[in-house]
Amino acid sequence: WRWIYLFGGSYLLFDLFAIATGLSFWRNLLYAMFDVSAWYWNFVWGGFILLGGAVFVLGIWLKVKNKLYEVSYVATKYL
């Protein structure tokens, strides 16, 4: 899971750097992403919604899997 933190932190640092220095391509990208009158806006943000939903389902599944593992481990520990 460390690579997720590394890529996420790198993206955050790049994003802050691009905003602070006023990189024109980054500004144009941000304007395009938040242009709610554009035809592609629903597709872009719909993708983020689907990604968030998938991560939520994965998190619930991992939590249930971990809880079942803990219960089985405690049950077999005293056998």
More than 12 heavy atoms of other groups within 6.0 Å of Phe17 CZ: no
Ile60/Phe56 under side-chain contact (heavy atoms from CB on, under 4.5 Å): CA gap, chis, key distance, verdict: CA-CA 6 Å; Ile60 296 296; Phe56 177 74; 4.0 Å; yes
Non-hydrogen atoms of Tyr40 and Ala32 that approach each other most closely: OH-O, 3.2 Å
Aromatic plane relationship, Trp3 with Phe7 - under 30° parallel, 30 to 60° tilted, over 60° perpendicular: perpendicular
Hydrophobic cluster identity match, Tyr11 and Leu29, side-chain contacts under 4.5 Å: yes
ILVMFWY network linking Trp26 to Tyr31, side-chain heavy atoms under 4.5 angstrom: no
In one Ile/Leu/Val/Met/Phe/Trp/Tyr side-chain cluster, 4.5 Å: Trp41, Phe48: yes
hydrophobic_cluster_shared for Val57 and Ile49, side chain cutoff 4.5 Å: no
Phe14-Leu16 co-clustered via ILVMFWY side chain contacts under 4.5 Å: no
side-chain hydrogen bond (donor to acceptor under 3.5 Å, both in side chains) involving Ser37 - partner list, sequence neighbours excluded: Asp35
Trp45 side-chain N/O to Met33 backbone N/O, donor-acceptor pair under 3.5 Å: yes
CG on Leu30 to CZ on Phe25, rounded to 0.5 Å: 10.0 Å
